[in-house]
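Here is the structure we will look at.
Numbered from 1 within each chain, the chains take letters A, B, ... in sequence-line order. Only this structure's heavy atoms are used, side chains among them; waters, hydrogens and symmetry mates stay out. Keep in mind it's a predicted model, so treat the numbers as computed, not measured.
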Number of protein chains: 2
Amino acid sequence: MYLSSLAELALGSRLKALSDHFYGAADEVYRACNAQIESRWFPVLRYLWENGPSTVGDVASAIGQTHSAVSQLADKLVRAGMLRRKRDPADGRRSVLTLTDKANRSLSGLGLIWCSIRRGAVAALGSEGEKLLSALAACEKALQERPIVDTILAEHAALSSAPLEIVPYEPVLAGHFYRLNAQWLQRHFQLEEIDRQMLSDPERYVLAPGGVLLFARLGGEVIGTCALLQESPGVYELSKMCVDETFRGLGAGRQLLDGVIAEFHRRGGKELFLESNSRLKTALRMYEQAGFVMQPGTRAGSHYERADVYMIYAPPTASVRKKARKS
Amino acid sequence: MYLSSLAELALGSRLKALSDHFYGAADEVYRACNAQIESRWFPVLRYLWENGPSTVGDVASAIGQTHSAVSQLADKLVRAGMLRRKRDPADGRRSVLTLTDKANRSLSGLGLIWCSIRRGAVAALGSEGEKLLSALAACEKALQERPIVDTILAEHAALSSAPLEIVPYEPVLAGHFYRLNAQWLQRHFQLEEIDRQMLSDPERYVLAPGGVLLFARLGGEVIGTCALLQESPGVYELSKMCVDETFRGLGAGRQLLDGVIAEFHRRGGKELFLESNSRLKTALRMYEQAGFVMQPGTRAGSHYERADVYMIYAPPTASVRKKARKS
DNA sequence: AGTGATTATGTTAGTGCTTACATAATTACT
DNA sequence: AGTAATTATGTAAGCACTAACATAATCACT
């Protein structure tokens, strides 16, 4: 499912969906068993059943709803004949909710159904159900203790001020090379065999032939990578450039590109080219800004199925480059 | 929190609450960062951003919403200037949603915020967040594969046809006496040494001194137990009453209680008391309904640390009892 | 006793979603 | 080609809840 791939970002949506699912399931069961009750009534009725007559506010805070919600639900339950509402003689502001005899009768016949729901949930969800419950409880507690918004904003401040570093390859980063590339390649194209090889063993396929591998790091996280491959003496290919989708737009791509070009110059390379795909508009624009020039046709003897764009680096003069940097 | 105590039964409510919490948190963050976006828009916008122009139906099924929801949300996004809607020339039924330039600009500036949300969520929730995510994914999968309603109804059918029996102690049941008591004692209190002794050897500590031990059995499962201990000639204590959590609400507790009281009468006992804890509201109410009366203070020379409630059985007259049974 | 703050609840308008229905375009089949 | 089924979407009404406000009772304090 697409939403799952968004992990924390779509937690709200997924929890809502699961919540609706459970409400719906409970209602189906109630209907099938001819119980005169709806799933949304459960918290209020159960609370009153266990704790006896209570005020609107008590119920609301116990079941974690607003007083309005309880008040409106109480209206509905009164209409359904499950509740009586009366003023507290000791405190005229309070409205005391009391279960009617009908409600007591309905509820006491419901033990079997509730038990079935509990057991059915355990049976259907297995140990995952327990894990969900315990994780849920832990999260509720954590959120109550520490406001998540503050934590996020603190992260945001930290990230905003965190320096974007471009660092050369180290063995511990090998895994990121695969992860970052596979992530987007799989989405947009196929992962070709030649990719898999190179991504799995950069030391052999990138460094050993005289290439360079750079990574972009932001506040501890490795968010992008780019390789400079030596095809033949003095002839280099810019390749495997990518930035984690969640970190696009931070300029990491541009810095990686500049880093690789700088390496190319440092080695006194004669030619620098790249192959890409015409669909990747944003990337192509960036290549052009960095000094690459579109070539007609594709490069002879390309390794890639997906390549339909061929560009060569044509370093502009100093004055022109200055202008390009600005934009 | 009260809802937590309902475990599986209030899953829907709790998930909804957590969902709303996350939506609200995301919106606060967006506002604080001046992002021109709302949390509810996220799944649609993000999907379009990653997958390019898509039809209403595609988006809906990808993000797990109804087509109506997406259609309405699309209206709103069009009004907000984030989306364009146009007919698919190849298939006139389809309405293709495309991000506007404004949306693309907004979204590409959002990488930092999304990253902060992910990292903030991880920081605030710790490992529980991961557990929640994995349990969530597992539950989504389980529910898709096996409809939970059927499982519940099967449980219900099985339970409905099984008779609830109250049976006296037999040696094969000794293990259940320990299991049932230890289960809830450990959750709510400590297992005291006096408990361990009695639970391990009911023949010696319950039956030999002239007491009785009853069990509730539903279908093949032993789901509850209750002991009548003879403290001194004619003076009895009701003790060790408990019902398996997954079988609460079936009336097993009440039947055990009635069974023990009947035994007390059969033996012509003079006094029947119990000790309990004020936290156990449901149990206390049941004791009261059965004829126990709350005593001030605790019983002199109580064996238990946890006892802070002392009740004595004061059998009502026959006519009053009849009335009480009804309610 | 009188004043202002607080508390408990009810009420209204609005949001995000659902279900049920309506409509138009496409496909399947004779 | 012509009809019926299917598909893709839009629309209306309704539900559960919220936020914001209104109201009345109570409390705290002089």
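- Taking atom CZ of B:Arg85 as the reference point, atom C1' of D:dT9 lies 8 Å away to the nearest angstrom.
- Taking every heavy atom of both residues into account, B:Arg14 and A:Leu133 meet most closely at NH1-CD2, 3.6 Å.
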What string of B, S and - do you get for nucleotides 11-21 of chain C, 5' to 3', when a contact is any protein heavy atom under 4.0 Å?
BB---SBBBB-
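- B:Asp58 places its CG atom 10 Å from the C1' atom of D:dA8, with the value rounded to the nearest Å.
- Along DNA chain D, the nucleotide nearest to B:Arg94 and the one nearest to A:Ala90 differ in position, and the one closer to the 5' end is contacted by B:Arg94.
- A:Ala60 comes within 4.0 angstrom of nothing in the nucleic acid, heavy atoms only.
- Of the charged side-chain nitrogens involved, none lies within less than 4.0 Å of a carboxylate oxygen, so that A:Asp27 and A:Arg31 do not count as a salt-bridged pair.
- With rounding to whole Å, B:Leu18 atom CG is found 16 Å from D:dC17 atom P.
- Between the side chains of A:Arg85 and A:Ser71, a donor-acceptor pair is found at a separation under 3.5 Å.
- D:dT7 atom P lies 17 Å from atom CG of B:Asp88, rounded to whole Å.
- OP1 or OP2 of D:dA8 has not a single side-chain nitrogen or oxygen of B:Ser95 nearer than 4.0 Å.
- Of the charged side-chain nitrogens involved, at least one lies within less than 4.0 Å of a carboxylate oxygen, so that A:Lys131 and A:Glu128 count as a salt-bridged pair.
- We find that CG of A:Asp91 is positioned 6 Å from P of D:dC27, with the value rounded to whole Å.
- A close approach under 4.0 Å does not occur between any side-chain nitrogen or oxygen of B:Arg87 and OP1 or OP2 of D:dT9.
- Salt-bridge annotation for A:Arg94 and A:Asp58: absent, with no side-chain N of the basic residue lying under 4.0 Å from a carboxylate O of the acidic one.
- In this structure, A:Arg79 does not pair ionically with A:Asp75, as no charged nitrogen and carboxylate oxygen lie closer than 4.0 Å.
- The shortest distance between the side-chain N/O atoms of A:Arg93 and the OP1/OP2 oxygens of C:dT6 is not below 4.0 Å.
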